[in-house]
Amino acid sequence: MNKFFKSTVCAVAAVAMMAACFAGCSKKDDTAADTSSSEQKEVLIMATNATFPPYEYYDGEDIVGIDAEIGKAIADKLGMDFKIEDMEFNSIISYVNSGDNVMGMAGMTVSEDRKLQVDFSSSYANGVQVVIVKKDSDIKTVDDLAGKKIGVQLSTTGDIYATDDFGAEMVTQYNKATDCVLGLKNGDVDAVIIDNAPAQTFVAENDTLKLLETEYANEDYAICVKKGNTQLLDKINGALSELTADGTVKKIIDKYIPAK
Ligand code: ARG
């Protein structure tokens with residue numbers, strides 16, 4: 001590369017970088033203006049996977065749901081701005097470990113294995129792994145799953161248990177919870193193992209599907225932060241216990257999962 005060409009390339013790159021910075025900066029200012037606060041607040045990022053109603057899902061362009069609302073309430077308590085980053089469920093833990101103001105909130109089950117990678121808050125909800133099948137399926141109980149093709153969301157506890165109990169060759173891993181249900185409807189798998197709350201939503205939306213009555217596993221949901229980030233974890237736990245004590249957490253959960 002000759003000298004002239006090199007410096008032209010550099011100049012073009014510099015202009016491009018400045019333009020990118022301006023775009024980025026003005027975006028930041030917009031966010032600050034939205035909160036109608038003059039000082040720049042810190043941003044609490046919620047890393048999630050929005051294919052999981054009623055905890056996180058898209059309503060038009062917006063991500064809504066139990067986690068989205070509890071997450072926002074936590075940010076408000078902490079005097080922070082709030083931003084949701086949607087990603088594959090499988091990426092949440094590494095994303096959380098890459099930032100100081102990042103919390104993973106995705107109907108995520110506390111497990112011993114995950115505890116080695118991230119730190120968990122106190123639990124804010126309970127989850128149950130259940131089995132969805134077609135209404136005319138010959139699968140009647142969890143034991144009938146042996147030898148059947150099972151759909152799960154990649155890296156979820158449903159995936160981990162199904163692989164342990166029935167063998168990896170019987171398990172199809174989908175990136176999105178919603179795709180597990182499509183796989184079941186298409187006949188690519190015979191059953192889906194997934195958390196109860198999204199399962200109820202999916203079954204309500206598809207009249208060819210039903211839930212098995214037997215539960216597969218019972219679990220606790222919590223928020224995760226970067227391993228060793230006690231500063232953020234203490235703040236989250238403080239906010240969560242206030243929001244639990246004043247009934248906010250229950251109110252949000254009841255709004256999305258009305259008692260029958
Ligand atoms: N509770 C299960 C787990 O932690 C599934 C969570 C899936 N969450 C989601 N937002 N897709 O493994």
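Under the 4.5 Å side-chain criterion, counting only non-hydrogen atoms from C-beta, Leu211 is in contact with Asn196. Side-chain contact check for Tyr174 versus Val189: some heavy-atom pair is nearer than 4.5 Å. Side-chain contact between Ile63 and Glu56 is present, with heavy atoms from C-beta onward closer than 4.5 Å. Looking at Glu242 and Leu240, their side chains never come closer than 4.5 Å, going by heavy atoms from C-beta outward. Contact of the Lys135 side chain with the Thr208 side chain is not registered, since no non-hydrogen atoms from C-beta on lie closer than 4.5 Å. Within the 4.5 Å cutoff, the side chain of Thr51 has no heavy atoms near those of the Asp179 side chain. No side-chain heavy atom of Ile236 sits under 4.5 Å from any side-chain heavy atom of Phe120. By the 4.5 Å heavy-atom criterion applied to side chains, Asn126 and Tyr221 are not counted as neighbours.
Using cut-offs of 30° and 60° on the angle between ring planes, the pair Phe166 and Tyr216 is parallel.
Note: Asp165 CG to Met170 CE = 13.0 Å, rounded to the nearest 0.5 Å. Remark: Ser241 OG to Asp246 CG distance equals 9.5 Å, nearest 0.5 Å. For the atom pair CD1 (Ile66) and NZ (Lys255), the distance works out to 10.0 Å, reported to the nearest 0.5 Å. Separation of atoms CG (Leu145) and CD1 (Ile150) is listed at 4.5 Å; rounding is to 0.5 Å. To the nearest 0.5 angstrom, Ile70 atom CD1 is 5.0 Å from Met105 atom CE. Distance check, rounded to the nearest 0.5 Å: CG of Asn101 to CG of Asp81 gives 11.0 Å.
Val152 and Leu212 fall within a single hydrophobic cluster, where Ile, Leu, Val, Met, Phe, Trp and Tyr side chains are chained together by heavy-atom contacts under 4.5 Å. Both Ile194 and Leu209 sit in one connected hydrophobic cluster of ILVMFWY residues. Membership requires side-chain heavy atoms under 4.5 Å apart, directly or through other members. Residues Tyr161 and Val142 share a single hydrophobic cluster, defined by chaining ILVMFWY side chains whose heavy atoms lie under 4.5 Å apart. Under the 4.5 Å side-chain contact rule for hydrophobic residues, Met87 and Val102 share a cluster.
Aromatic rings of Phe89 and Phe52 (six-membered ring for Trp) have centroids beyond the 6.0 Å cut-off, not under it.
Nearest heavy atoms, Ser137 versus Lys140: O-NZ, 3.0 Å. In plain terms, the two heavy atoms of Ile253 and Ala125 that are nearest each other are CD1-CB, 4.2 Å. Heavy-atom minimum distance, Val133 versus Asp190: CG1-O, 3.9 Å. Considering all non-hydrogen atoms of both residues, Gly107 and Tyr124 come closest at N-OH, 3.8 Å. Of all heavy-atom pairs between Gly104 and Ile92, the closest is CA-CG2, 3.9 Å. In terms of heavy-atom proximity, Val118 sits nearest to Val96 at CG1-CG1, 4.0 Å.
Taking the charged nitrogens against the carboxylate oxygens, Lys226 and Asp100 do have a contact shorter than 4.0 Å, which makes a salt bridge. Ion pairing between Lys115 and Glu112 holds under the 4.0 Å rule for side-chain N and carboxylate O.
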ask   = Are Tyr57 and Val64 close enough, and set up right, to give a side-chain contact (heavy atoms from CB on, under 4.5 Å), and what steps lead you there?
value = CA-CA 6 Å; Tyr57 59 100; Val64 298; 3.6 Å; yes
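Between Gln153 and the choices Asn49, Asp195, Asn90, the side chain to side chain contact (heavy atoms under 4.5 Å, CB included) rule is met once, by Asn49. The only member of Asp67, Ile45, Leu44, Leu233 that meets side chain to side chain contact (heavy atoms under 4.5 Å, CB included) when paired with Met103 is Leu44.
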